[in-house]
J.: 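Input: one structure, supplied below.
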Amino acid sequence: MQNKTIGLLGGIGWASTLEYYRLINEMLVARIGPAHSARIMLVSMDQADFVAHAAQPDSHAIEQFLIGEGQRLQGMGADFFLLCANGAHRFAPAVVPRIGLPFISIVEETAKRVQQSGIRKVGLLGVKQTMAGSFYHQALAQRGIATVTPVAADQDILHDIIYTELVQNIFTDASRNIFLEIIGKLLLQGVQGVILGCTEIPLLIQQGDVDLPLFNTTAIHCEAAVAFAIED
């Protein structure tokens, strides 16, 4: 049976979209053999376009923008699609039904993985819209998992690093140490693991950097995409 074609709605930012392409192909080869590679359609958005539409006071602007970009994937022949950014998933309830393709949610897949781990109190890192929003908290709460986020000042620091460095493919020891310090603060609040809830964070922080479990949302999302693509 021919593998399904994966649609990637990426580009915000490009560094993690590149990671999606690599991980999906590596994971697919590991599952079905080295003679294969993934069937992928990619729509890479201009991050400036995304940010400009998201900044509009009426959420209709960003929703219409994402719908239009997603419909391009449908027209290209994708069989299902992924939105390659955690923060953008806050728009998914309004956007996904209008695109007309099966959708794999990074939020739902991550929440399922945390639940499977047995963890009941988890830290959440990401851009401010992710940490201060409700979409991750609700998905986790439905599975009996409490979510802990950094204090507001630390959220500002992380958000700034993500947008000024990580999405530009800039990774420094100084920023890694800041992330690790904030993870340490979450540990003091009793978290049993931490969700790296921005697809660029796993490019900076790896499991070997900390003692508690990390949930790499990019890898989790890619694993779910590959499983869906090759299932009968």
Side-chain angles (χ1 to χ4, degrees), residues 10 12-20 22-23 47 50-51 54-55 84-90 106-107 109-141 143-223:
I12 48 172
W14 66 263
S16 61
T17 301
L18 177 66
E19 188 74 350
Y20 268 87
R22 181 183 71 82
L23 286 174
Q47 184 175 319
F50 174 84
V51 171
C84 304
N86 283 273
H89 274 66
R90 66 191 187 275
I106 198 170
V107 177
E109 294 300 327
T110 300
K112 285 192 289 187
R113 186 67 61 86
V114 176
Q115 183 182 34
Q116 290 164 1
S117 76
I119 285 173
R120 287 294 172 261
K121 188 174 186 180
V122 69
L124 174 64
L125 306 181
V127 297
K128 283 192 69 174
Q129 293 89 344
T130 298
M131 293 183 286
S134 61
F135 57 100
Y136 252 111
H137 298 67
Q138 290 174 351
L140 291 161
R143 293 169 171 83
I145 301 161
T147 306
V148 180
T149 54
V151 297
D154 285 343
Q155 289 188 22
D156 289 339
I157 292 169
L158 296 182
H159 183 91
D160 183 63
I161 292 173
I162 290 168
Y163 269 102
T164 62
E165 297 180 21
L166 305 192
V167 298
Q168 306 300 328
N169 207 33
I170 299 169
F171 307 98
T172 68
D173 289 338
S175 291
R176 181 177 297 106
N177 289 335
I178 290 171
F179 269 82
L180 295 177
E181 180 183 348
I182 292 172
I183 289 173
K185 293 178 184 178
L186 296 179
L187 182 59
L188 292 175
Q189 296 181 63
V191 304
Q192 300 163 292
V194 175
I195 294 171
L196 304 182
C198 170
T199 53
E200 282 79 28
I201 297 177
L203 298 173
L204 179 71
I205 303 294
Q206 283 81 47
Q207 183 60 70
D209 294 323
V210 298
D211 293 329
L212 75 171
L214 297 179
F215 294 91
N216 179 338
T217 56
T218 310
I220 291 167
H221 209 194
C222 290
E223 288 171 8

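Predicted, not measured: the structure shown is a model, and the values here were computed from it.
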J.: Kindly write out the residues that satisfy side chain to side chain donor-acceptor pair (under 3.5 Å) with His221, not counting sequence neighbours, or none if the list is empty.
T.: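 Per chain and number, His221 pairs via side chain to side chain donor-acceptor pair (under 3.5 Å) with Tyr20.
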J.: Can you measure from CG (Leu18) to CG (Leu23) and round to the nearest 0.5 angstrom?
T.: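 That separation rounds to 9.5 Å.
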J.: Mind checking the OG1-CG spacing from Thr172 to Asn177? Nearest 0.5 Å is all I need.
T.: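 The distance works out to 8.5 Å.
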J.: My understanding is that only residues two or more places apart in sequence, or in another chain, count here; which of them pass side-chain contact (heavy atoms from CB on, under 4.5 Å) with Ala15?
T.: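 If we apply the side-chain contact (heavy atoms from CB on, under 4.5 Å) test to Ala15, skipping adjacent residues, the hits are Asn169, Leu203.
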J.: Kindly write out the residues that satisfy salt bridge (charged side-chain N to carboxylate O under 4.0 Å, His left out) with Arg113, not counting sequence neighbours, or none if the list is empty.
T.: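 With sequence neighbours excluded, Arg113 shows a salt bridge (charged side-chain N to carboxylate O under 4.0 Å, His left out) to Glu223, given in chain and number order.
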J.: First locate atom CG of Asp173, then atom CD1 of Ile178, and finally report the distance between them rounded to the nearest 0.5 Å.
T.: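 Reported value, rounded in 0.5 Å steps: 11.5 Å.
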J.: Got a list of side-chain donor-acceptor pairs under 3.5 Å for residues 180-187, not counting sequence neighbours?
T.:
{"residue": "Lys185", "atom": "NZ", "partner": "Asp154", "partner atom": "OD2", "Å": "3.0"}

J.: In Å and rounded to the nearest 0.5 Å, what is the CZ to CD1 distance from Phe50 to Ile12?
T.: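 One finds 4.0 Å between CZ of Phe50 and CD1 of Ile12.
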J.: Output a table of donor-acceptor pairs, distance under 3.5 Å, between side-chain atoms of residues 209-219 and any protein atom two or more places apart or on a different chain; print 'none' if there are none.
T.:
{"residue": "Asp209", "atom": "OD2", "partner": "Gln206", "partner atom": "N", "Å": "2.8"}
{"residue": "Asn216", "atom": "OD1", "partner": "Thr218", "partner atom": "N", "Å": "3.1"}
{"residue": "Asn216", "atom": "OD1", "partner": "Ala219", "partner atom": "N", "Å": "3.0"}
{"residue": "Thr217", "atom": "OG1", "partner": "Asn86", "partner atom": "ND2", "Å": "3.1"}
{"residue": "Thr217", "atom": "OG1", "partner": "Leu196", "partner atom": "O", "Å": "2.8"}
{"residue": "Thr218", "atom": "OG1", "partner": "Thr199", "partner atom": "O", "Å": "3.1"}

J.: Measuring from atom CD of Gln189 to atom OG1 of Thr149, what distance do you get when rounded to the nearest 0.5 angstrom?
T.: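 Taking CD in Gln189 and OG1 in Thr149, the distance rounds to 8.0 Å.
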J.: Ala111: what forms a side-chain contact (heavy atoms from CB on, under 4.5 Å) with it, not counting sequence neighbours?
T.: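 Testing Ala111 for side-chain contact (heavy atoms from CB on, under 4.5 Å), a comparison that skips the adjacent residues, returns Ala139, Leu140, Arg143.
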J.: Just to verify, what does Glu165 make a side chain to side chain donor-acceptor pair (under 3.5 Å) with, not counting sequence neighbours?
T.: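 Glu165 satisfies side chain to side chain donor-acceptor pair (under 3.5 Å) with Ser175 once adjacent residues are dropped.
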J.: Who are the side chain to side chain donor-acceptor pair (under 3.5 Å) partners of Gln115, not counting sequence neighbours?
T.: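 Checked Gln115 against side chain to side chain donor-acceptor pair (under 3.5 Å); zero matches.
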J.: Run the side-chain contact (heavy atoms from CB on, under 4.5 Å) check on Ile220 and Ile106 step by step: do they pass?
T.: CA-CA 7 Å; Ile220 291 167; Ile106 198 170; over 6 Å; no
J.: Can you tell me which residue pairs pass the ring-ring contact (aromatic ring centres under 6.0 Å, His included) test with a partner in residues 151-196, sequence neighbours excluded?
T.: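 Sorted result for residues 151-196: His159-Tyr163.
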J.: List the atom of Ile201, the atom of Gly197, and the distance in Å for their closest heavy-atom pair.
T.: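 Reported closest heavy-atom pair: CD1-N, 4.4 Å.
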J.: Mark yes or no for whether Arg22, through its side chain, and Glu19, through its backbone, hold a donor-acceptor pair below 3.5 Å.
T.: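 Between the backbone of Glu19 and the side chain of Arg22 there is no qualifying donor-acceptor contact (under 3.5 Å).
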J.: Looking at residues at least two apart in the chain, or sitting in another chain, which of them share a ring-ring contact (aromatic ring centres under 6.0 Å, His included) with Phe135?
T.: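 Partners of Phe135 by the ring-ring contact (aromatic ring centres under 6.0 Å, His included) criterion come out as none, since no residue qualifies.
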J.: Nearest 0.5 angstrom please: Ile195 CD1 to Met131 CE, how far?
T.: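 If I round to the nearest 0.5 Å, the distance is 12.5 Å.
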J.: For Gln155, give me all partners under side chain to side chain donor-acceptor pair (under 3.5 Å), at least two apart in sequence or on another chain.
T.: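 For Gln155 there are no side chain to side chain donor-acceptor pair (under 3.5 Å) partners, ignoring immediate neighbours.
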J.: Answer whether the closest heavy-atom distance between the side chains of Leu166 and Cys198 falls below 4.5 Å.
T.: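 A side-chain contact is absent here, since even the closest heavy-atom pair is not under 4.5 Å.
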J.: Tell me the salt bridge (Lys or Arg N to Asp or Glu O under 4.0 Å) pairs involving residues 114-137, sequence neighbours left out?
T.: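 Counting only pairs at least two positions apart or across chains, the salt bridge (Lys or Arg N to Asp or Glu O under 4.0 Å) contacts touching residues 114-137 are Lys128-Asp156.
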